[in-house]
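We count ligands from 1, going down the list as the structure has it; atoms in each ligand are counted the same way. Note that the coordinates shown come from a computational prediction; the quantities given were computed from them, not determined experimentally.
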Amino acid sequence: MSDNVYSTICPGCNFGCGLYIRENGSLGVDFRKSSPANAGKLCRFGMSLPKFFAPAKSMIDGVETPMEEAAKESAKRISDSKGSAAFLSLGNTSNEELLAFQKIAESYLCTGVNFEALPKDTYQTISIGIPYSEIEAAKHIVLFIDPYEQYPLIVRRLLSAKNKGAKITSVWWKDLTLADENIRPDDISKLALTQDSIIIADFHPLSDTEQVKNVLSLAKNAGAKVTFLKPFANSTGEYIISKDAKQKSLAQLIEDINKGTIKTLFALESDISALIPSDTLSKLKNLIIQAGQASSAKANIVIAHEPLYMKKGTLINNEGRVQALGGSGTKGLDALGIIAGSKFDFNTLHESIKKTIGITVVDEFTIPKYDRPAYGAIQAAPKPVEKKPALIDVYNPFIWFNLADDNDFVELNLNTARALKLLKGGTLKIKSNGSALEKKFKVAPVQDNVLLTGKSLGIEKGIITPVEISR
Ligand code: SF4
């Protein structure tokens, strides 16, 4: 059998790492050294892509069917639930599909993030990050993320900046080995910023908007630059395309499903299991999932088409770099055309995307020039972590995509382990929200009474969850 090789982009986060996917009976990953975002390097999620791309089958109520039939039945059910249908896309597909999706979703669009709670004049700053080359050239970098766990390919850029003399400050619950200065999030008053500082934070569906506002306000007051990393392959494209659309937040969507005002949910290339509680999903009359790979949520209808690496289209990475997907597939777009009731023309959508960005050709080696308008003063009231034990989720690609991960332990510090008289090699009991579980633990330089997890434990309420812990 001869190999099919696709030059594509990793769907694991919005960093925009280029790679090759090789098909030959099974899937393999090859390094693409010419890729400007990552120079061929991949994190362990990128190396796990064959697991991520588990094939999906089109289904109607559990019965396998051709994709076109699944799309037609979806169109019927969406039309039957007029006024009670919602459309969710987290930004895991091409700009061209997202534009088509937005045309269908005009009545109830949810991109997962809560732009509604943020000042409109900050949207552009949040949506489009700064070039990685600027990070490498920075004199002072302030991290509001754990780069090793969350966005591993940024580590190369940070080390390069450090080699050129940059100071790195981490504002995090755990000491980071590459940081020259480690400040705990509730000691933020110790943070000294200047015009030479670049703040790196992140923005995602579970972000605390007061914390996002706080980061924006710190940057504005110091005249520092700020860049928000994002967890989905085309988050930046999604936010650019939808910036003028009326959107609902994820919290609103969950509330509307619980109230019964939303009865049909159509999710495009989005594994919703990590975001919407299963008891909320069970209240839906119709859950329709359109995707290129298997999803862990139980859907009434699955519209299965080509995976991302086979698609024709473009993505925009965190720097604003426009990248072409290497495939020629348009089945996803065809399915959206069936739902819309008229076929979408790829070229028309593609030209419209280029016009929105202000480019005439797609060139991954040149970052388009984006307006970076100043934003006004911001009042923020981030909640400090209480001095009680708290479980903190360090969201990473494995959590967002509900993919099995070996990191099945929580991290805590030696003081906390000694206070609980934990035994080496033993487990820790964690209780919250009426649930209890036992986990392996690892001792790490973490804040007192904080447990860090890189795997969803199923008891969380947002990023920070108060817990009771014992041996
Ligand atoms: S850093 Fe993000 S885009 Fe790059 S390989 Fe890892 S998950 Fe994929």
Taking the basic N atoms (NZ, or NE/NH1/NH2) and the acidic carboxylate oxygens, is any pair closer than 4.0 Å for R22 and D3? yes
Under a 4.0 Å threshold between the charged nitrogen and the carboxylate oxygen, would K225 count as salt-bridged to D196? no
Has Q195 got more than 12 heavy atoms of other residues, nucleotides or ligands less than 6.0 Å from its CD? no
Side-chain H-bond candidate by donor/acceptor type, S217 with N214, under 3.5 Å: no
Salt-bridge contact K311-E269 (side-chain N to carboxylate O under 4.0 Å): yes
Which protein N, O or S atoms does atom 6 (Fe) of ligand 1 have within a distance shorter than 2.8 Å? C43 SG
Between R321 and E364, does any NZ, NE, NH1 or NH2 come within less than 4.0 Å of an OD or OE carboxylate oxygen? no
